[in-house]
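FYI, side chains are in, hydrogens and waters are out, and symmetry mates aren't considered; it's all heavy atoms of this structure. In what follows, every chain begins at residue 1, and chains take the letters A, B, ... in the order their sequences are listed.
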There are 2 protein chains.
Amino acid sequence: MTSVEEPARPGERERVRDAVRTQAEILDVATQEFARAGYDGARVDEIAARTRTTKRMIYYYFGGKEQLFTAVLERAYGVIREAEQQLDVEHLDPVAAIRRLAEVTFDHHEQHPDFIRLVSIENIHEAQHIAASEKLGRIGSPALDVIRRILEEGRRSGLFTAQVDAVDLHAMISSFCFFRVSNRHTFGALFGRDLVDPAQRAHYRTMLGDMVIAYLTAERAAD
Amino acid sequence: MTSVEEPARPGERERVRDAVRTQAEILDVATQEFARAGYDGARVDEIAARTRTTKRMIYYYFGGKEQLFTAVLERAYGVIREAEQQLDVEHLDPVAAIRRLAEVTFDHHEQHPDFIRLVSIENIHEAQHIAASEKLGRIGSPALDVIRRILEEGRRSGLFTAQVDAVDLHAMISSFCFFRVSNRHTFGALFGRDLVDPAQRAHYRTMLGDMVIAYLTAERAAD
DNA sequence: TCACTAATGTACGAACTAGTACGTTAGCTA
DNA sequence: TAGCTAACGTACTAGTTCGTACATTAGTGA
């Protein structure tokens, strides 16, 4: 997550009052605290205490706990969007492109466990904050357009047999990546296997790619 | 979830004091309340109010909010275990057996959204209640043994090419089933597609089966 | 039927928690 | 440099929430 450390914006000398920096600092700490404890478990006082400013400022800039959480989600999804816009796989052949896309998705989930937790938390609250956000409604995903084009190309060249839709394929890839991180604690406790064990990382990454490619290229019975 | 209605245990006339019934009623309501609001969002007073008994009894029988949540998880996992023990797929050929197992898993997730929510919530708390439970540590899953035997048979008969482990295959199947339910709200809000739309149920159920079978039967490059 | 205890209800308290009223000041601009 | 306002801090409150002290009774076994 983009964090605001001491030398906020180089060139400008550190001012005592800096609206942009204060807001960013609040968002940083709030992201951690909400991800750690959930919406109801998070404490506004605790967020304020871990900031260089006070609780007063949270209400001044964000209005309240609910809106703060919404702002946290907006920024978190913004980071994902940016990463997905860097996606550069369309110079590859369809099979390699999809595998690469799956791997990038896999890596991204692994690198952002806080984001995964925020999304889990938001689902417990039935996405009410996303619904309340102007920025996030039907935001979609840049990755989706990429998938759409690769699927198109793969079907035209006869490599892909499956009649999948881009959104469904995205769901399939995401579900594995997301579950591996989001459910690692219960899964580990019940089955004694750590899905995020670094030693198993390559194994699961390959497994995901194999699964998706096998699905897309399998000869299917007439349906 | 097993709910305790008026004619608790037939044959016995309804007593005013009934320890078994009171505890079961508390667990029923607590399951709903924790699943609805999360651990920190749930209110002990609210649980008590929706019961025929009082808050005093929750502390009398369970000790506290934490232990109540643990008891809720224990019972919820118990229900899953029972269902999995009914699993009867080993008379089928390996391909049909795995597909059937995937379908049963799919159906079970769909039918128990509260359980999915409880598991999501427990993951936010890093499975600390499962860790604290004597009943739940390394409980495993009856389905796992079934998967193990089917995989064995499938490999021996040459139908399955993939070198998967039963636990990993279980993770693969669960991830799709779980994500579809757990993340339906954010996914729906962002992509405008309801993963739990009844009209799409058969579609996703087939998709899961196709995916798993394609993975298990794909001709793999030497690895 | 009597006494004993598991089961239960009432009322309360201490600590917490989101949110705010009120006052102050840094830094920019005219 | 004077004045204005966005940015900020302190101290407080009203309402909530987990947990418990204390009193009571239904049902059971001797």
Quick one, which residues of residues 40-50 of chain A touch DNA chain C with a heavy atom under 4.0 Å? A/Ala42, A/Arg43, A/Val44, A/Asp45
I need the full list of ring pair (Phe, Tyr, Trp, His ring centres under 6.0 Å) pairs touching residues 40-71 of chain A, with sequence neighbours left out, sorted by first then second residue. A/Phe34-A/Phe69, A/Tyr39-A/Phe69, A/Phe69-A/His129
Would you mind writing out the side-chain donor-acceptor pairs for residues 134-148 of chain B within the sub-3.5 Å range, not counting sequence neighbours?
| from | atom 1 | to | atom 2 | distance (Å) |
| --- | --- | --- | --- | --- |
| B/Ser141 | OG | B/Glu84 | OE1 | 2.6 |
| B/Ser141 | OG | B/Ala143 | N | 3.1 |

Round to a whole Å and report the spacing from OH of B/Tyr39 to P of D/dT17. 14 Å
Nucleotide C/dC16, atom P - distance to NZ of B/Lys65 in whole Å: 15 Å
To the nearest 0.5 Å, atom CG of A/Leu68 lies from atom CG of A/Leu27 at 6.5 Å
Are the side chain of B/Arg180 and the backbone of B/Leu195 linked by a donor-acceptor contact shorter than 3.5 Å? yes
Could you pull out all donor-acceptor pairs under 3.5 Å where a side-chain atom in residues 97-109 of chain B meets a protein atom, sequence neighbours excluded?
| from | atom 1 | to | atom 2 | distance (Å) |
| --- | --- | --- | --- | --- |
| B/Arg99 | NH1 | B/Asp210 | OD1 | 3.4 |
| B/Arg99 | NH2 | B/Asp210 | OD1 | 2.8 |
| B/Thr105 | OG1 | B/Leu101 | O | 2.8 |
| B/Asp107 | OD1 | B/Arg201 | NH1 | 3.2 |
| B/Asp107 | OD1 | B/Arg205 | NE | 2.8 |
| B/Asp107 | OD2 | B/Arg205 | NH2 | 2.9 |
| B/His109 | ND1 | B/Thr105 | O | 2.9 |

Donor-acceptor pair, B/Arg193 side chain versus B/Phe187 backbone, under 3.5 Å? no
Output the rounded distance in Å from CD (A/Glu33) to C1' (C/dT17). 13 Å
Under the side chain to side chain donor-acceptor pair (under 3.5 Å) test, which residues partner A/Ser133, sequence neighbours left out? A/Glu74
Report the distance from atom CZ of B/Phe69 to atom P of D/dC18, rounded to the nearest whole Å. 14 Å
Salt bridge check: are B/Asp28 and B/Arg75 linked by an N-O gap of less than 4.0 Å? yes
Spell out protein contact along nucleotides 4-13 of chain D as letters: B when the base is contacted, S when just the sugar-phosphate is, - when no protein heavy atom is under 4.0 Å; keep the 5' to 3' order. --BBBBB---
If I take atom OH in residue B/Tyr59 and atom P in nucleotide C/dC12, what distance separates them, rounded to the nearest angstrom? 19 Å
